[in-house]
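Numbers restart at 1 for each chain; the letters A, B, ... are given by sequence-line order, proteins then strands.
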There are 2 protein chains.
Amino acid sequence: MPAKLSDVARLAGISKTTASFALNDEGGTRGISPDTVMRVKAAARQLGYVPNQASRFLRKGRQHLVGFLAPNINDSFYASIAQGIETAAEKHGYQVLFGSTFSNIERERRYIESLVARRIDGLVILPTDIKAHHLDLLHHHHVPTVMFRRRAVSRRKCKFMTFDDVESARLPVAHLAARGCRNIGLVVETQLALPEWLSIILDARIDGYRRALRDAGLRFRRDNILEIGYSGSEKHVTATVEKYLNSRKPDGLFAIEDLYYLRMKNALDRLGLRVPQDIKVVGCDNSYYCPYLSPPLSSVVFPQEELGRMMMEELEGMIGGSRGPSGEILLPPTLAARQSSK
Amino acid sequence: MPAKLSDVARLAGISKTTASFALNDEGGTRGISPDTVMRVKAAARQLGYVPNQASRFLRKGRQHLVGFLAPNINDSFYASIAQGIETAAEKHGYQVLFGSTFSNIERERRYIESLVARRIDGLVILPTDIKAHHLDLLHHHHVPTVMFRRRAVSRRKCKFMTFDDVESARLPVAHLAARGCRNIGLVVETQLALPEWLSIILDARIDGYRRALRDAGLRFRRDNILEIGYSGSEKHVTATVEKYLNSRKPDGLFAIEDLYYLRMKNALDRLGLRVPQDIKVVGCDNSYYCPYLSPPLSSVVFPQEELGRMMMEELEGMIGGSRGPSGEILLPPTLAARQSSK
DNA sequence: TTGAAAGCGCTACCAG
DNA sequence: CTGGTAGCGCTTTCAA
């Protein structure tokens, strides 16, 4: 239905060949007379001609299409990464096909197959299970791939990028120590039934916490770690936190998620503990509401968009052949210091 | 490089034609001997054959690809919609190409052209400017299109879906009135220099606010409307809010964004106003932290994923020809009533 | 400076 | 039941 090259050619009274050259005229390598070029371009405009990428690809072999597979997009973490990928992709003339795996192996497999069928030029993926068989399909079809977050021992050589998880805890705890805290607590998620990859991250963070304490000459105590989850009623959480605050009497806290601090607020208020005078707090993820809390919450910031951008740049390099297919890059987080840890 | 149909056919010792039918065997319409089917399938598996969508499309004329264009994806509002679209798309065997326009006309134009070039089957778009010329391209290429949010007078017939903005204010204000509030304030963004489409939404909300007041037999007073923005220092905002609270003495508040309530918290605390005893509050957007605030914040919830899903379903219908190309659908928001308005 | 024709990988018509 | 062949819309080689 839409106009095709032959229509344009006919209207311009010229052959397909010449029309094609006239339109894709790259610096006049092929000497087409200026007059012809004008005529063809005019005809194209008149017909609203837009070349068909699919058939173009069939000849040229490049789709200018990459995929991004993550658990879901409805999550500011992945969404920010997606944004970074998309921005970088656009700059290089690529478009991004997004798919949510919901961490479901079968769904992920279907997606990978579809993407391969579309002959995407590259893929950024947060694999559900790095050992899954369907990832071989990518390798077999020579799809340049960048993986992130799911670190695990793997026999496969691949390109891996993520945040430096150890540093993400060391940094804020060192910051609290430098502010004079001597008894710093760590607030984490409940540890039962954590998926493997998450517990790898958690371990790294606890490691960073230990390291910062050691560097500051402070002692690590396992019962300074408080477990809070998403679940658990308001009441239950408040009680747990109160007990913890009363028995441990921390003067500093690093919460592994900003939200955990929000959930502690109640208990803090009830015990009359003022932030930051009585207890200094740093959260993690730099949620968009941090600056608006009172006092504004200091938080660890992961450069998510930056990671997305870097992954796309890396992918672009792999596609173009200027970057190898394996290697590991860790991106360090930074700290947004605000009132809550002053 | 990857195996193609002819490779499979050769390995199975059979022609391309038969191989094709063997693989796409739709309920044996075309009678291929079971033995042949087996052989072909085995060959395909052995070679890791994945059909090339681009060439398939060239023959069949359906990409099973739709586009989604929004200002950005790094925003929980659009991300949720994207999630809904993606979920519904996957169900129907479609994939989603995402692009951020950053509300930049030129960028949007480029994207639309690329999407048309890819011969997407349909598009969901939040147009930057509904009057922009490049939207004609979609019409000209018969791309089924669903628009959302940017409502404006338009000569173009199109499919439009969005939330019921009037209701999004009427509902919470009516709720507050039912809880006994007699002097309900409205907290909105600063109104200077709002883009047209946003001020259309704001007007609708003020309208809803008025309507709820009238229904409850309460008087509308323009100075019960408090303007807060994203910008403005903590201090400045607190001062403004304190002045407002002191002079207007509201016993109920509807904040047009959850965040505005967060920004008011400081002033509320300083004046010793307890929520919900002294003043009841309802926010808007049902941000993920609402249940975790103390007290948990009541909030208007927009069914964003649902909207995304519906738009995709609608699009699917348009593509299949079972739905017309125009019409307008409003989705009503609901209320998550929590402690803050008890 | 231009054009005829081959062919990218696939499907589907028609003939065996 | 099976296979030759045309052609989807484009690029590109080669010849004029």
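Computed from coordinates, the A:D7 CG to D:dC10 C1' distance equals 13 Å when rounded to whole Å. In this structure, the CZ atom of A:R119 is 11 Å from the C1' atom of C:dC10, given to the nearest Å. Note: CG (A:L5) to C1' (C:dG3) measures 13 Å, nearest angstrom. Between the CG atom of B:L23 and the P atom of D:dG3 there is a distance of 14 Å, rounded to whole Å. Distance CD1 (B:I14) to P (D:dG4): 11 Å, rounded to an integer number of Å. Regarding A:N24, its CG atom lies at a distance of 17 Å from the P atom of D:dG9, rounded to whole Å. Here C:dG3 presents its C1' atom at 16 Å from CZ of A:R10, a figure rounded to the nearest Å.
Ring geometry, B:F163 versus B:F302: the interplanar angle falls from 30° to 60°, so the pair is classed tilted.
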Expected rows: protein N/O vs nucleotides 13-16 of chain D N/O, under 3.5 Å:
none

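Using modelled atom types and a 3.5 Å distance limit, the side chains of B:T17 and B:S20 yield no donor-acceptor pair. Counted by atom type alone, B:S80 and B:E305 present zero donor-acceptor pairs between their side chains at under 3.5 Å. For the 3.5 Å distance criterion, the side chains of A:Q95 and B:R118 qualify, holding a donor opposite an acceptor.
By the 4.5 Å heavy-atom criterion applied to side chains, A:R149 and A:I201 are counted as neighbours. B:L331 has its side chain out of reach of B:D164: every pair of non-hydrogen atoms, C-beta onward, lies at least 4.5 Å apart.
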- Query: Where do B:V66 and B:L97 land on the side chain to side chain contact (heavy atoms under 4.5 Å, CB included) test, with the steps shown first?
  - Reply: CA-CA 6 Å; B:V66 298; B:L97 216 43; over 6 Å; no
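OP1 or OP2 of C:dT11 sits under 4.0 Å from a side-chain N or O of B:S20. Remark: A:S6 is not in phosphate contact with D:dC10, judged by side-chain N or O atoms under 4.0 Å from OP1 or OP2. Between A:T18 and C:dT2, a side-chain N or O to OP1/OP2 separation shorter than 4.0 Å is absent.
Using a 4.0 Å cut-off between charged nitrogen and carboxylate oxygen, A:E90 and B:R107 count as a salt-bridge pair. Of the charged side-chain nitrogens involved, none lies within less than 4.0 Å of a carboxylate oxygen, so that A:K159 and A:E328 do not count as a salt-bridged pair. For the pair A:E313 and A:R309, the salt-bridge criterion is not met [side-chain N within less than 4.0 Å of a carboxylate O].
Nearest nucleotide to the side chain of B:K16, out of C:dC10, D:dT11, D:dG9: C:dC10. Checked against D:dT2, C:dT2, C:dG3, the side chain of A:T36 finds its nearest nucleotide in C:dT2.
The stretch residues 40-55 of chain B touches DNA chain C through B:Y49, B:P51, B:N52, B:S55, each having a heavy atom within less than 4.0 Å of the strand. DNA chain D lies under 4.0 Å from at least one heavy atom of each of the following residues of residues 57-65 of chain A: A:L58, A:R59, A:K60.
A search for side chain to side chain donor-acceptor pair (under 3.5 Å) contacts involving B:Y111 returns A:E86, not counting sequence neighbours. With sequence neighbours excluded, the residues satisfying ring pair (Phe, Tyr, Trp, His ring centres under 6.0 Å) with A:F98 are A:F68.
Looking at A:L137, A:L123, A:I319 one by one, the single match for side-chain contact (heavy atoms from CB on, under 4.5 Å) with A:V143 turns out to be A:L123.
Between the side chain of B:D7 and the backbone N or O of B:K4, at least one donor-acceptor pair lies under 3.5 Å.
Note on the helix from C:dT1-D:dA16 to C:dG16-D:dC1: terminal axis deviation equals 40°, with five pairs used at each end and the result rounded to 10°.
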